[in-house]
A.B. asks: 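Shown below is the structure under consideration.
In listed order, ligands and their atoms are each counted from 1. Both backbone and side-chain heavy atoms feed into the values below; hydrogens, waters and symmetry mates do not.
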Amino acid sequence: MQTSSIINHSDSTRYARCVEVSKRIRWEIDKDVFRGRSFDHARKFLPDGLSGIDRFTFLTDGEKRLLSQVQGRTYANIFGLVERFINAKVLEVSRDHWFGDQTALEALVRFSDEELKHQEMFRRINEMIGAGMPDGYVFAPAPNEVAAVVLSKSTWAVLGLTCHIELFTQAHYRQSIEPDAGLSELYKDVFLFHWREESQHAILDELEWRREDGRLSDAERDRAVDDLIDLVVAVDGILQAQSEADAKYFCMIAGRAFDAGERDSIRTGLLRAYRWQYILSGVQEPRFSGMLGSLINEQQGDRIRTALGILI
Ligand SMILES: [Fe+2]
Ligand SMILES: [Fe+2]
């Protein structure tokens, strides 16, 4: 048994608390979330706080709503995408607990089980939303191909990216989805239920990321910081391609012609929105920046800030 699998009392209590909450709030896709409902296309899907919709000043209210629905479909698909590699990494790190703290092991097994359920839910959401929209929507990134790239990087970097994602999930629900009164009821509920289970995941990410950090030498951590930067750049590559695809689809289904300047504004507006959703909103979350800041030195922090600077 490696020393890293020995868990102190306070961490042990946190794993136990995650198991307890996970059991208490457990939900089922059909019985609790969908409840026979469909997405209401007369309402928005993604809230204004995430979609950056105010920037699209030349769109009518109906067009803005349609664009929030295209973004909302992509938002669900992105979660389905990242949860593939998140689950694989969680199963991998659970190995350290096989013969150690059995409560920590149970917490990670439940985490994995929940992510499998979430992936199924997001696959079905893509089909349900698609049934109410014209053909032609494209979500290009393949979960297994993205997972292969992500999992080729160090565990420290993957856990850092995962912690970032699961913390922004929390922030998005609390700050933007919950307070927006104009959303499809089902769309809002999906992210209410998702948020509830993700709260435990974010705690487990912090525990596992810190545990992994404790076994790295300074040189290994320094390379892991480069890996984390590579991962953010890879995420941005996905966002560039998807904002282009979503802009094309929106212009095709909006029912009127846009001039070249408007088409460009739609594409760049979507890229800005996606960078906010999947990169910058999480980086600005105090819980994430505090956690990352506690693990790295000043020079490593500068490298990360420089890499993020080009995205703003
Ligand atoms: Fe999830
Ligand atoms: Fe999660």
A.B. asks: I need the OE2(E115)-the Fe ion (ligand 2)-OE2(E166) angle, rounded to 10 degrees.
C.D. replies: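 So the angle at the metal works out to 90°.
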A.B. asks: For the Fe ion (ligand 1), give me the closest N/O/S atom belonging to E198, just the atom name.
C.D. replies: OE2
A.B. asks: Of the backbone and side-chain N, O or S atoms of E114, does one lie nearer to the Fe ion (ligand 1) than 2.8 Å?
C.D. replies: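 Looking at E114, which is the residue asked about, there is no N, O or S atom under 2.8 Å from the Fe ion (ligand 1).
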A.B. asks: Could you grab the distance from atom OH of Y278 to atom CZ of F79, nearest 0.5 Å is fine?
C.D. replies: 6.5 Å
A.B. asks: If the threshold is 4.0 Å, N to carboxylate O, is there a salt bridge linking K89 and E208?
C.D. replies: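 Not counted as a salt bridge, because no side-chain N and carboxylate O are separated by less than 4.0 Å.
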A.B. asks: Side chains of Q71 and D246: is there a donor and an acceptor less than 3.5 Å apart?
C.D. replies: no
A.B. asks: So which N/O/S atom does E83 have closest to the Fe ion (ligand 1)?
C.D. replies: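 Per the distance ranking, E83 contributes OE2 as its closest N/O/S atom to the Fe ion (ligand 1).
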A.B. asks: Determine whether the side chains of H172 and S281 contain a donor N or O and an acceptor N or O closer than 3.5 Å.
C.D. replies: yes
A.B. asks: Is K23 salt-bridged to E20, going by a charged N under 4.0 Å from an acidic O?
C.D. replies: no
A.B. asks: Below 2.8 Å, any N, O or S contact between E197 and the Fe ion (ligand 1)?
C.D. replies: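 Checking the Fe ion (ligand 1) against E197, no N, O or S atom falls under 2.8 Å.
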A.B. asks: For the Fe ion (ligand 1), decide whether H201 has an N, O or S atom at a distance under 2.8 Å.
C.D. replies: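 Coordinating: no.
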A.B. asks: Looking at the Fe ion (ligand 1), which N/O/S atom of H118 is the nearest one?
C.D. replies: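 It is ND1, the N, O or S atom of H118 closest to the Fe ion (ligand 1).
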A.B. asks: Output the distance between atom CG (L81) and atom CD (Q119), rounded to the nearest 0.5 Å.
C.D. replies: 9.0 Å
